[in-house]
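A quick write-up on the structure given underneath.
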Amino acid sequence: MDEAARRERLGELAPDKLAELEADDQEDEHVLPDLPNAEDGAVVMRAAPNPNGPWHVGHARMPAVIGTYKERYDGEFVCRFDDTDPETKRPDLDAYDAILEDIAYLGFEPDRVLRASDRLETYYDHARELIDAGGAYTCSCSGDEFSELKNAGEPCPHRDKDAETVREEFAAMVDGEYSAGEMVLRVRTDIGHKNPALRDWVAFRMIDTPHPREEAADHRCWPMLDFQSGVDDHLTGVTHIIRGIDLQDSAKRQRFVYDYFDWEYPEVLHWGHVQVDEYDVKLSTSTIKGLIEDGELTGWDDPRAPTIQSMRRRGIQGQALVDSMTELGMSTSDVDLAMSSVYANNRDLVDDAANRYFFVRDRDDAPAVELPIVDGDAPAPEAGHPPLHPDHEDRGDREVPAGRVLVESPDLPSEGERVWLKGYGCVRYEGDALAFVDADIEVVREGDVDVVHWAPAAEGLDTLLRTVDGDVRGVAEPALADVDPDTVVQFVRVGFGRIDGFDPAATDEADGPNGSEDLLAYYAHP
RNA sequence: GCUCUGGUGGUGUAGUCCGGCCAAUCAUAUCACCCUCUCACGGUGAUGACCUGGGUUCAAAUCCCAGCCGGAGCACCA
């Protein structure tokens, strides 16, 4: 009795038990824990990326989790670009769209998209209001000076400035009358607070470098994350904030501002950092950017790059990444994401649709071997006809010409031994040729011969397969020429990959590192 | 130094709030077997964890104490 039948039977015998079982199943579908104080239809969450480059795989976690909760609570997904640092983490103008594309690839679409750099006047207004409420003061201490006082729990001399001076000095900040480092606006918190991280933090500072966005290039007075993000979260109606443990103290800092404004602070959840195994490259936008600039990586979508764009180009479904990310849960400890988990999820999604094709690798340590197939015990057929998919005969089969063929050297049997060319038949290796034996599948069923993939030497496509471990050259069967780019296929006994491009004009002579192959493919995983 | 925060198999996770049904769930991983014209898919099985030490209790992964180890913040970065 299979699962469905068993359930049906249970439904007849004990309907209440079945209902219980199904209720449990519902529970189980929720990989993520429930959100605290979440009301259906009244949940607003935001992803707040700094657009200083395209996303790495770790970034997928935020949209994956927010998107999942959005669906569960019929909530809202706000994407707010926190691009308030034109200098140190300078925004990259292409990154805004790149990030939105990354989110779309993951299968989500933000309900609202905001840019903090569009909202400076709003932040200034709130700063003025905060000053009027006695919650902020301008300060011209150097960073070191203030740090020393702060660590001792001592106020700096500017703390007791009269409100009028603060107003004037802040107006001058907004007008850009100071240079970087000359003046900041601090939030008056509690200079003796037991946690030094919370004492009178900076809300606005001067930056001399113009913002890359033309619309914001005139501003010199920029809010710090805690101020900008705190104000925006309230103004956009965010009910649940999810962020990394590096921002653990942010909520505590922002609460001082919220208290001045008499706002209610949203629910906050923190999670740990995500590490991804399998990559030597550090998971950081600036590190990856550096590697690309140094030529170590060919771009953000280099198969060796731990980026969303790379996953996409390799044919890994955004959903696979989302599944893996939600499986990480919401723990505050650091987690290691195993790429094998992403691969397993992707295999699940892709296996049924991916048609099968042969690709014979030609590697230094395992070169492809070219041999003619000759008549042996029986006349050799002209071609093999393996199915496009073993579970879907209805999709038909491919034609693989079989005059001179290539096989991978480790697949070659000892001289005199037989091997089964998949979709073709049994051949005997005779040193300089493969002699056709027969097409009686019985030898395979009995386990007497190994089954290997192969490709025609002349008609095959010179192929470049780009993998995480470097580029692999080889020859693929000609049927791949009819496959549309962007299709995910399975290279039999090699693994899944995505067809990137086909160039029928490519000639045999023009073998170079780029653009010379007939076929370009990206490798996903086994 | 001060302040947070966390420790369940290789990885992730459930269980911890309200102690027993936990000799600990599920997934992935690894290995084996079955299936199979793939090393894929599917099926079966195996491997493998409660940080340590005390305490409370009839009973502790769960409560208490101490210790050990880890992560984060104390930026005019986000």
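Residue numbers start from 1 in every chain, and the chains themselves are labelled A, B, ... in the order their sequence lines are given, proteins ahead of strands. Keep in mind that the numbers below use all heavy atoms, side chains included, and drop hydrogens, waters and symmetry copies.
Under a 4.0 Å N-O distance rule, the pair A/Arg428/A/Asp377 qualifies as a salt bridge.
Looking at heavy-atom distances under 4.0 Å, A/Gly423 makes contact with a base. In this structure, A/Phe496 reaches the sugar-phosphate backbone alone: every heavy-atom distance under 4.0 Å involves primed, P, OP1 or OP2 atoms, never a base. Looking at heavy-atom distances under 4.0 Å, A/Leu328 makes contact with sugar-phosphate atoms alone, never a base. Using a 4.0 Å heavy-atom cutoff across all strands shown, A/Arg347 reaches sugar-phosphate atoms only and no base atom. As judged by a 4.0 angstrom heavy-atom cut-off over every strand, A/Pro49 is placed among residues making no nucleic acid contact. Across all strands, A/Ser142 comes closer than 4.0 Å to base atoms (heavy-atom distances). Residue A/Met183 is out of contact with every strand shown, counting any heavy-atom pair closer than 4.0 Å. No engagement by A/Ile207 is indicated, since no non-hydrogen atom pair under 4.0 Å with the nucleic acid exists. Residue A/Cys426 is out of contact with every strand shown, counting any heavy-atom pair closer than 4.0 Å. A/His270 comes within contact range of no nucleotide atom at all, as no heavy-atom separation falls under 4.0 Å. Note on A/Asn195: a base of the nucleic acid sits closer than 4.0 angstrom, heavy atoms only. Among the atoms of the strands shown, only primed sugar atoms or phosphate atoms (P, OP1, OP2) are found under 4.0 Å from some heavy atom of A/Val335. A/Asp336 comes within contact range of the sugar-phosphate backbone alone, with a heavy-atom separation under 4.0 Å but no base atom that close.
Rounded to an integer number of Å, the gap from A/Ile99 CD1 to B/rA78 P is 15 Å. Protein atom CG of A/Asp82 is 8 Å distant from nucleotide atom C1' of B/rA78, rounded to whole Å. Distance, A/Leu349 CG to B/rA40 C1': 15 Å, rounded to whole Å. Residue A/Phe170 contributes atom CZ, which lies 17 Å from atom P of B/rC76 at whole-angstrom precision. One can place CD of A/Glu327 at 9 Å from P of B/rU28, the figure rounded to the nearest angstrom. Taking atom CG on A/Asn355 and atom C1' on B/rA40, their separation rounds to 13 Å, with Å as the unit. If you take CZ of A/Phe359 and C1' of B/rU38, they are 16 Å apart, rounded to a whole angstrom.
Comparing B/rA24 with B/rC77, their C1' atoms sit 44 Å apart, to the nearest whole Å. Taking atom P on both B/rA27 and B/rA66, the two are 40 Å apart, rounded to the nearest angstrom. Nucleotides B/rC74 and B/rC31, compared at atom P, are 45 Å apart to the nearest Å. Across B/rU16 and B/rC21, the matching P atoms stand 13 Å from one another, rounded to whole Å. Rounded to whole Å, the P atom of B/rC51 lies 16 Å from the corresponding atom of B/rG15. Comparing the P positions of B/rC63 and B/rA14 gives a spacing of 16 Å, expressed to the nearest Å. Taking the C1' atom of each, B/rU47 and B/rG9 are spaced 10 Å apart, rounded to whole Å. The gap from the C1' atom of B/rC34 to that of B/rC18 amounts to 46 Å, rounded to the nearest Å.
OP1 or OP2 of B/rC4 sits under 4.0 Å from a side-chain N or O of A/Lys194. OP1 or OP2 of B/rC74 has not a single side-chain nitrogen or oxygen of A/Arg199 nearer than 4.0 Å. Between A/Arg205 and the phosphate of B/rC77, there is a side-chain N or O to OP1/OP2 separation shorter than 4.0 Å. Here A/Arg186 does not reach the OP1 or OP2 of B/rA75: none of its side-chain N or O atoms lies under 4.0 Å away.
When every heavy atom of A/Gln254 is checked against every heavy atom of A/Ser229, the shortest pair comes out as NE2-OG, 3.6 Å. A/Leu283 and A/Pro306 make their closest contact through CD1-CB, 3.6 Å (heavy atoms, listed as atom of the first residue, atom of the second, distance). Nearest heavy-atom pair, A/Phe146 versus A/Cys156, reported as atom, atom and distance to 0.1 Å: CD1-CB, 4.1 Å. Considering every non-hydrogen atom in both A/Gln319 and A/Leu349, the closest pair reads CB-CD1, 3.7 Å. When all heavy atoms are compared, the tightest approach of A/His270 to A/Ile245 is CB-CG2, 4.2 Å. Minimum heavy-atom separation, A/Leu328 to A/Val274: CD1-CG1, 4.1 Å.
Distances were taken from every side-chain heavy atom of A/Pro196 (C-beta onward) to each of B/rC77, B/rU38, B/rC2; the shortest belongs to B/rC2. Here the nucleotide nearest the side chain of A/Ser147, chosen from B/rA40, B/rA75, B/rC37, is B/rA75. Out of B/rC39, B/rG73, B/rU28, the shortest distance to the side chain of A/Arg493 is found at B/rC39. Relative to the side chain of A/Arg356, the nucleotides B/rU38, B/rA78, B/rC74 differ in distance, and B/rU38 lies closest. For A/Asp351, the listed nucleotide lying nearest its side chain is B/rA40; candidates were B/rA78, B/rA40, B/rU28. With B/rU28, B/rA78, B/rC39 as the choices, the nucleotide that has an atom nearest any side-chain atom of A/Asp411 turns out to be B/rC39. With B/rA72, B/rU38, B/rC74 as the candidates, the nucleotide lying closest to the side chain of A/Pro390 is B/rU38. Nearest to the side chain of A/Thr88, among B/rU3, B/rC77, B/rC39, sits B/rC77. Nearest nucleotide to the A/Ala197 side chain, out of B/rG73, B/rG42, B/rC37: B/rG73.
Pairing partner, B/rU13: none, since no Watson-Crick or wobble contact has both distances short of 3.5 Å. The partner of B/rG20, taking Watson-Crick or G-U wobble pairs whose two distances both stay under 3.5 Å, is B/rC58. Under the Watson-Crick or G-U wobble criterion, with both distances below 3.5 Å, B/rG45 is paired with B/rC31.
When the options A/Arg205, A/Arg253, A/Arg243, A/Lys252 are evaluated for a salt bridge (Lys or Arg N to Asp or Glu O under 4.0 Å) with A/Asp226, the one that passes is A/Arg253. Screening A/Tyr123, A/Phe170, A/Trp222 for a ring-ring contact (aromatic ring centres under 6.0 Å, His included) with A/Phe204, the sole residue that qualifies is A/Phe170.
By the 6.0 Å and 45° rule, A/Arg186 does not stack over the aromatic ring of A/Trp201. Relative to the six-membered ring of A/Phe358, A/Arg398 meets both conditions, a distance below 6.0 Å and an angle of at most 45° to the axis.
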Any protein N or O atoms within reach of nucleotides 5-7 of chain B? Criterion: under 3.5 Å, listing atom names and distances.
unit_1 : atom_1 : unit_2   : atom_2 : d
B/rU5  : O4'    : A/Gln248 : OE1    : 3.3

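Toward the 5′ end of RNA chain B lies the nearest nucleotide of A/Lys422, the other residue of the pair A/Phe146 and A/Lys422 mapping further downstream. Residue A/His273 is the one, among A/His273 and A/Gly181, whose nearest nucleotide of RNA chain B lies closer to the 5' end (criterion: closest heavy atom).
The closest side-chain heavy-atom distance from A/Val342 to A/Leu337 is below 4.5 Å.
Below the 3.5 angstrom threshold, one finds a donor paired with an acceptor across the side chain of A/Gln490 and the base of B/rU38.
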